[in-house]
Structures are given as C-alpha cells and as structure tokens.
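Note that these values count all heavy atoms, side chains included, but never hydrogens, waters or copies made by symmetry.
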Amino acid sequence: MSTPSIPAQRTVVVVGHGMVGHRFVEALRARDTENHWQIVVLSEEALAAYDRVGLSSYVGEWDAAALALPGNDYPGDDLVDVRLGVRAESIDRAARKVTTSGGEVIGYDALVLATGSYPFVPPVPGHDRDECFVYRTLGDLDGIRAAAEAAGPGATGVVVGGGLLGLEAANALRLLGLEPHVVEYNSRLMPAQVDEGGSAILERLVTDLGLAVHTGVGTTSIEPADSGVRVTLSDDSVIDAALVVFSAGVRPRDEIARDAGLEVGPRGGVITDLGLRTSDPHIYAIGEVAAVEGVCYGLVAPGYTTAEIVADRMLGGAGEFPGADMSTKLKLLGVDVASFGDAHGTSEGALSVVLHDAAKGTYAKLVVSDDAKTLLGGILVGDASQYAALRPLVGSELPAEPAALISPAGAELGADALPDDAQICSCNNVSKGAICGAIAEGAADVPAIKSCTAAGTSCGGCVPMLKKLLEQSGVQMSKALCEHFEQSRAELFQIVQVTGIRTFSGLIAKYGKGSGCDICKPAVASILASTASDHILDGEQAALQDTNDHFLANLQKNGTYSVVPRMPGGEVTPDQLITIGQIAKEFDLYVKVTGGQRIDLFGARVEQLPQIWQRLVEVGMESGHAYGKSLRTVKSCVGSTWCRYGQQDSVGMAVLLEKRYRGLRSPHKLKLAVSGCARECAEARGKDVGVIATENGWNLYVGGNGGLTPKHAVLLAGDLDDETLIAYIDRYLMFYIRTADRLQRTAPWQESLEGGIEYVKQVVCEDSLGIAAELEAAMARHVAGYKDEWAAVLEDPQKLSRFVSFVNAPAEPDPTIAFDDAGERKTPVLLGLPVVPGGGSGV
C-alpha cells in the first residue's frame with residue numbers, strides 16, 4: 001500500500017496539555033522531520049504539562065516546577081504554540097474550527113482530543129459544600145492544603161473512595177497533619193487491582209500507619225457541623241470532619257465531543273477505531289477520553305501508546321492500538337502494591353497459587369493456566385520486588401513451579417527467563433528484544449539504555465530489570481576507582497575504616513598496584529580526611545591533594561588564588577567586614593559577594609595567602625573550604641528573628657549546622673540551606689541538604705543541586721524537632737560519604753541506590769540497616785576533631801614553607817601575574833600564557 005502524500009504545511013489543534021497530550025506533541029515533532037505540521041495546544045490549566053501520576057509528591061514540597069514534564073514549553077520550537085489557561089469551548093466540524101474560551105476561532109486540518117477525565121463525585125447531599133474537594137490537579141491539592149492548615153493538626157479528613165487515588169489522597173491528608181478516614185463502598189480496598197486476600201493485608205498495613213478504614217459502606221449525607229462537616233455513612237455511623245475528598249473514580253471528559261456530535265460510548269468516552277480516529281475522520285482522541293473500540297483505558301502507559309499511534313498516523317503511518325497492559329506497581333503510604341495480567345483469575349480454567357505471610361505482612365498470588373505452565377497474572381502486596389521479573393512473563397511458559405517463584409526460598413527469576421517480546425517497560429512499550437538490541441549496539445549502562453530506548457524514563461519501575469539485562473548480556477560494569485584500584489570508592493572507604501591504614505602508599509601497596517594517578521590520589525586523600533581529623537597537608541597526604549586543596553585556596557585562570565572566609569549562615573560582624581575591606585585594599589584584591597552569602601577575594605598571589613589568613617584569623621574568621629570537596633556553605637534567610645513571616649530561627653539553625661559540618665570532606669562539594677518559612681528565600685530545595693521551617697518544626701529535604709543537571713531536593717522527613725533534624729542530617733551525610741562514588745553528588749547518588757529516596761528514608765529515618773548510631777558517632781568524631789586548616793598552617797613553619805611562588809627564590813613574586821585595572825572591574829591578564837585548569841570560585 002502506498003503512503004499518502006502529505007501537503008506542505010497543515011495545522012493540528014491539540015485540546016488538552018496533560019501527560020498524554022504532551023507525549024503526542026513530542027512524538028509528532030520528533031518524527032515530523034520535514035515540518036509538515038504546525039501544532040497549537042489549548043491547555044485549560046494555567047500550568048504546562050506536569051506529572052499527574054506523581055501528584056502526591058507535591059504534598060510537603062509544594063513546588064509545581066518539580067512536577068513539570070521535561071520540555072513542556074518546547075523551547076526554541078516555532079512550530080509548537082502552547083496557550084495556557086485557554087479552554088476549547090466548541091468544535092465546528094463542518095468548518096474545521098475550534099472556538100476558545102477567549103472567543104478566538106482556530107482552524108485545523110486535524111484535531112486531537114486529549115481532554116483526559118474528570119473526578120466522579122457521587123450525588124451525596126452536601127457534596128457541593130466548600131469543605132468538599134476532589135483529588136485531580138495541583139489546584140485541587142492547593143485547596144486541600146489551605147483547608148487542612150485552617151483546620152489545624154489532628155483534625156479529621158474523610159476520603160470517599162478506597163481505590164488507588166483514594167489511598168493516595170488519604171496519604172496526602174496524613175502528610176498534612178490530618179487523621180484520615182477512608183470510606184469504600186466495595187467490601188475491600190483497591191478492588192480493581194487487589195483481591196480479598198491482598199486487600200486484607202493492605203488494610204492491616206495502612207491501618208497500622210494511622211488510617212481508619214470503612215469498607216462495605218457508602219456515604220449518605222454531608223451536613224454542616226461546628227468543626228466543619230458531619231459525614232453520615234450508610235451503616236448510620238457518623239464522622240465529624242474538617243474536610244471531605246472525593247476520589248470515587250473518574251469519567252472520560254467527553255462533553256466537547258458530545259456537543260460536536262461525535263460518537264461516544266454508553267459509559268462515556270469518544271469512540272475510536274484502532275487508529276484512534278473518531279467518527280469524524282479529521283478528529284482523533286487519545287488518552288483517557290478515547291474509547292478504543294468502545295474501551296477506555298485509565299493508565300498513562302496505554303495513553304502514551306495512543307499518542308504515539310496518532311503521531312504515526314498523521315505522518316502517513318498505519319499504526320494500530322495493540323491492546324493495553326493494565327499492570328500497576330506503586331507504593332502507597334510506603335506499602336508495595338502490584339497487580340499484573342489477569343490478576344483476579346477470570347480466564348477459563350485459571351488456577352491460583354497464593355503465599356500469604358501475615359506475620360511479615362506480605363501477600364503474593366500467581367494466576368496460572370489450568371496446566372500450571374503459563375503465567376496469566378498476579379498480585380503482590382507488602383513486597384513487590386518480584387514484579388519486574390514476573391510481569392513480562394505474562395502469557396509465557398513459567399521457568400519454574402509457580403510456588404517457587406513467589407516463595408522466599410524458591411527460584412529467583414533471571415532476565416534470561418524472559419522471551420524477547422516480553423514487555424520490560426510498560427510505560428513506553430519497550431520489549432526485552434529492543435533493550436538487548438541497544439546493549440548489543442553499545443549501550444553499556446542504564447543511562448545509555450534510557451537514551452536509546454526510553455525504557456525506564458517514566459516511572460522507573462523497570463530499572464532493576466535493565467540492570468539484569470546488562471548483566472545477562474555480559475556487560476561488565478566496572479566498579480574500579482581507576483586502573484590502580486579494583487575496588488570502588490565505597491569499598492576503599494570500608495578498607496580504610498577497618499584496617500586503620502592512614503597513608504596512600506600503605507593502601508596502594510596492600511590493596512592496589514602501581515604508583516597511583518590523578519584520580520585515585522585525591523579520592524584516597526578525601527577518604528583519609530573523612531575518617532580522621534588529620535590536616536590534609538600533614539606528611540604524605542600533602543602530595544595527594546589537587547592544586548586547590550594543596551594551597552587551601554581556589555586557583556584562578558591567571559595563576560592567582562581566591563580566598564573565601566567562612567561566614568556561618570551568612571552572619572558577619574562589623575569588625576570582620578572592616579578587616580575584609582582592609583585586606584582587599586592592602587593586597588589590591590577584587591571583591592565579589594557569592595551566591596552562597598559569602599565574600600570572595602580574588603587575585604591573591606600564593607605567597608600572600610598566609611598573610612591574608614593571619615589577618616582573618618585574628619578577627620575570628622576561618623577557612624570557608626571553598627577549595628575542597630567538603631561543606632561549602634549553609635545559606636539562610638533572616639527567619640523568625642527579623643522576618644514577619646518567619647516560623648523558626650533559620651539563621652540560628654544555619655549557624656549551628658555550618659559549625660557542625662565545617663571541614664567535612666566528602667565525595668563532592670556539599671551545600672546546605674535553611675529557610676525560615678515556606679516562602680523559601682534561602683532556596684533550600686536547590687541544595688544537597690535543605691531545611692525549611694514549619695509551624696511544628698523543620699521539613700528536611702535532601703539530594704538537590706545545581707550544576708549541569710540541576711535537581712530539586714526531595715522531602716526526607718517533616719515537622720522535625722531540632723534534635724531529630726540534626727540526627728537525620730548526621731546520618732544522611734555520613735551514609736553519603738561512605739557509599740557514594742568519586743565526584744558523585746548527592747542527587748545522582750540517591751538515584752543510583754536501589755529503591756532511591758525510599759531506601760534512603762529507611763536507612764536514615766527507620767535505621768533499617770542498624771547503623772544509625774554508628775553514623776552519628778562518626779559525625780560526632782568529626783565535630784570533636786575539627787580544626788581550622790588555615791590556622792593550622794599558620795602554626796606550622798613546615799607547612800608555611802610551601803606557600804612561595806618559587807622554591808629557589810622564596811621572596812620573589814611570580815612575574816607572569818598581571819591585572820587590567822583600566823575598566824570599572826579589575827580583571828586578570830594572561831600575558832599570552834596558557835589558561836591554568838582548575839579555576840572557579842567554588843562557592
């Protein structure tokens with residue numbers, strides 16, 4: 001069949017800019033290499049496409065930008081016009097025009113409906129009261145938050161609906177300080193995904209976490225009461241609550257299609273064929289609003305598939321909807337829940353194999369064919385670690401007895417048990433064969449596989465299987481620090497701790513080979529500094545340091561150095577400021593205030609460094625460690641001491657933290673910040689450790705950083721008192737220092753851990769490894785042993801002798817150093833010499 005010709009330039013209007021609408025735009029722009037289509041996107045929400053699946057992560061962080069989907073503003077693409085806050089009001093099919101809420105009329109050659117769904121609210125008397133909410137958008141969560149804060153901690157919140165979103169809504173109320181009650185009309189929680197046995201375990205686990213569960217009852221009325229509303233259930237029980245959240249399912253948002261005369265299904269949704277074309281050949285429907293041959297799919301993975309198919313069709317392709325994998329894996333209130341395939345055993349002749357361990361709080365069920373050889377589906381509650389290996393086997397012959405696959409003492413599924421057509425990444429429909437093909441073509445690690453295939457780029461649930469496929473393919477992922485040490489940095493850290501070796505020569509002689517290099521020497525120097533309080537220029541250690549650490553200052557492009565004195569929390573006395581000014585004038589230095597609330601003095605020659613340090617030490621200042629892979633700064637706002645919005649003393653906490661962690665050597669630089677309220681003036685969520693004040697204490701965020709790949713920190717724990725906050729930071733930093741790779745910042749370190757931030761929470765907050773006391777003790781030793789590195793040099797003539805431009809002419813300054821003072825700003829002059837690497841202020 002010949003491919004139809006495509007006219008030069010046409011317009012497609014996309015109604016809706018959710019996750020599926022965004023995926024369609026991305027797919028069409030990636031494939032439309034000849035720019036046949038101009039795209040106009042109408043978004044009723046004022047926010048561009050964001051991760052609605054991760055909606056619950058908004059609670060506690062309240063940062064909409066963190067949920068924004070990458071590229072949702074299509075930077076630099078003139079063929080995509082996104083109109084935020086603009087609703088499509090009507091469709092004129094005959095004229096092929098859309099009228100917007102602003103009265104604009106937009107013509108189209110093709111129209112794509114990506115309107116999604118809306119929350120179903122049962123017609124309960126009182127459902128429209130101000131205390132009633134739905135759980136669907138960021139705006140909904142903002143409203144729930146305001147009502148929860150007005151009610152105060154300990155108030156009751158009711159969630160109508162015990163499905164997936166209902167339990168997420170209940171967790172959101174719990175995080176907001178409310179006591180949640182879940183009301184589910186069905187006899188069990190999550191009836192669509194979990195059977196009676198799995199639901200019983202799930203109910204017990206969530207009840208232990210503070211949820212009150214009411215199953216087998218409906219909501220009959222919502223009436224005003226002194227504390228908010230009175231919710232009456234069908235068993236005549238009453239719950240007095242501050243607010244009610246409806247999460248009783250969704251319905252396709254098809255009203256604009258109905259009004260335009262498009263065919264819709266009896267239960268809603270715009271009827272389409274397998275190519276997602278509606279009853280009008282110029283109009284397509286994708287995502288939750290599409291009833292593909294009469295069936296609506298409410299998960300994002302099949303939604304993405306529909307978007308890809310329509311993009312293909314609009315460029316002359318013949319893609320068809322292949323059906324949908326409705327498998328789900330999630331963590332609700334910290335409880336693993338997964339279902340896949342025919343989870344409820346509705347297939348003819350299906351048999352069930354169940355392992356129910358009430359003591360451990362786990363439930364596993366496999367649904368198999370009548371001969372027990374073919375996997376049809378399954379349910380996992382409490383422990384879903386086998387999900388990644390089991391789900392791709394649906395429809396395939398089992399590699400072992402069903403019971404052995406879910407028994408802790410049974411067979412472990414390897415990647416080799418999966419057929420090539422097994423779907424590894426359900427979000428992006430990527431098969432094992434496609435991933436193995438990418439590995440064969442040179443994808444040697446998980447990031448490379450993600451880049452080549454898009455597997456693992458959405459929910460991330462398939463990443464463990466990607467690692468297994470790499471191992472199966474014979475890819476050797478070396479953990480060696482360098483050619484001289486076969487061990488990883490974390491292993492060398494443990495060796496140093498256990499053996500007590502305190503020199504590089506002793507370590508390489510026993511555990512390495514050769515004489516070392518520019519990779520392993522600074523790495524080992526950092527480990528030695530992290531495990532003791534020795535000065536980094538003592539003995540053999542001095543020769544291991546890079547240029548910045550060797551001279552305790554940052555080398556700049558013309559061979560001079562910058563000096564950054566520590567100013568804990570940004571505090572500085574008038575005398576210290578005067579001294580800094582006097583030093584700058586006396587040594588003719590360029591002065592710059594950094595983004596970390598410090599003062600940087602540029603242009604000092606190496607022999608001037610001790611003279612400058614002496615002046616600073618005399619007024620109580622010390623090294624800011626701007627040169628080291630260590631704690632740099634703890635930034636703060638003025639907090640409750642001065643600010644009318646401040647809820648806690650952010651400056652006091654910042655000073656305490658900076659003095660506690662100063663000099664702490666680590667795999668990469670560390671930056672902290674403390675904000676006195678949710679207005680976040682200290683930008684704490686852009687730091688490795690961020691602390692934000694609440695009415696009840698402190699919220700602790702971890703794993704943020706700037707750099708080439710900026711990351712927002714994520715919430716580790718909330719409403720902490722001072723003592724618990726410091727204990728958690730102690731544990732987090734020491735765990736990072738022990739286990740991270742060389743030059744690995746906290747954000748990629750967290751992502752590299754199996755289980756990610758949830759694993760970090762278990763280790764730091766729940767002490768799952770039993771090492772909390774050990775980590776705190778290690779930090780206590782650092783605090784007790786700290787000594788200012790500048791002051792230690794000034795007290796040691798041998799160390800002082802290093803600070804000269806020329807060893808054979810100590811009194812002579814470097815003649816190649818020059819500056820241009822002609823302009824308003826002093827700048828270095830290179831005098832035709834090559835640029836010296838390793839500069840940067842480092843703050």
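Applying the 6.0 Å contact sphere to CZ of R230 captures no more than 12 heavy atoms from other residues, nucleotides or ligands. In the displayed structure, E149 atom CD is contacted under 6.0 Å by more than 12 heavy atoms of other residues, nucleotides or ligands. Applying the 6.0 Å contact sphere to CD of E723 captures no more than 12 heavy atoms from other residues, nucleotides or ligands.
Among all heavy-atom pairs drawn from E168 and S56, the shortest one is OE1-OG, 2.9 Å. Of all heavy-atom pairs spanning G162 and E184, the tightest one is N-OE1, 2.6 Å. Y387 and S327 get closest at one heavy-atom pair: OH-CB, 3.3 Å. Listed here is the closest heavy atom pair of L376 and A350: CD1-CB, 4.0 Å. The minimum heavy-atom distance linking L351 with S369 is given by the pair CD1-O, 3.7 Å. Scanning all heavy atoms of the two residues, the minimum distance from G378 to A343 falls at O-CB, 3.6 Å.
Side-chain contact of D195 with H344: a donor-acceptor pair under 3.5 Å is absent, judged by distance alone. With no hydrogens or angles considered, no side-chain donor-acceptor pair links D688 and Y736 at under 3.5 Å. No side-chain donor from either of N696 and T694 sits under 3.5 Å from a side-chain acceptor of the other. A side-chain donor-acceptor contact under 3.5 Å links D342 and S347. For the 3.5 Å distance criterion, the side chains of Q193 and S339 fail to qualify, holding no donor opposite an acceptor.
With contacts defined as side-chain heavy-atom distances shorter than 4.5 Å, the pair P119/F246 does not qualify. Proximity of L375 to S396: side-chain heavy atoms (C-beta onward) are nowhere separated by under 4.5 Å. With a 4.5 Å cut-off on side-chain heavy atoms, Q750 and V702 count as touching. Counting heavy atoms from C-beta outward, V59 and L141 have side chains that approach closer than 4.5 Å.
A cation-pi arrangement is present between R23 and Y304, with the terminal nitrogen or guanidinium carbon under 6.0 Å from the aromatic centre and inside a 45° cone about the axis.
Here E774 pairs with R738 in a salt bridge; the nearest charged N to carboxylate O distance falls below 4.0 Å. Using a cut-off of 4.0 Å between Lys/Arg side-chain N and Asp/Glu carboxylate O, E751 and K711 are scored as salt-bridged.
Within the structure, ring-ring contact (aromatic ring centres under 6.0 Å, His included) contacts touching residues 146-176 (residues at least two apart or in different chains) do not occur. For residues 373-392, the salt bridge (charged side-chain N to carboxylate O under 4.0 Å, His left out) pairs, not counting sequence neighbours, are D325-R391.
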(request) Run the numbers on V337 and L202 for side chain to side chain contact (heavy atoms under 4.5 Å, CB included), then give the verdict. (result) CA-CA 8 Å; V337 180; L202 176 61; 3.8 Å; yes
(message) side-chain hydrogen bond (donor to acceptor under 3.5 Å, both in side chains), that's the test. Do R136 and S117 meet it? Break it down for me.
(response) CA-CA 9 Å; R136 186 65 176 166; S117 61; 2.5 Å; yes
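Although no hydrogens or angles enter the test, the distance criterion places no donor-acceptor pair under 3.5 Å between the side chain of T156 and the main chain of A241. Within the 3.5 Å criterion, the main-chain N or O of V764 finds a donor-acceptor partner in the side chain of R731. The main-chain N or O of A684 is found under 3.5 Å from a side-chain atom of E680 such that the two form a donor-acceptor pair. Checked by atom type and distance alone, the side chain of D719 never pairs as donor or acceptor with a backbone atom of G697 at under 3.5 Å. A donor-acceptor pair is defined here as one N or O able to donate and one able to accept, closer than 3.5 Å; such a pair exists between the side chain of T305 and the backbone of A301.
Taking the six-membered ring wherever Trp is involved, the centroid distance between the rings of Y728 and W698 does not fall below 6.0 Å. Residues Y701 and W62 place their aromatic rings such that the two centres sit no closer than 6.0 Å.
Ring planes of W749 and Y732: perpendicular class, angle over 60° (limits at 30 and 60°).
Shown here are the ring pair (Phe, Tyr, Trp, His ring centres under 6.0 Å) partners of H356, two or more places apart in sequence or in another chain: Y363.
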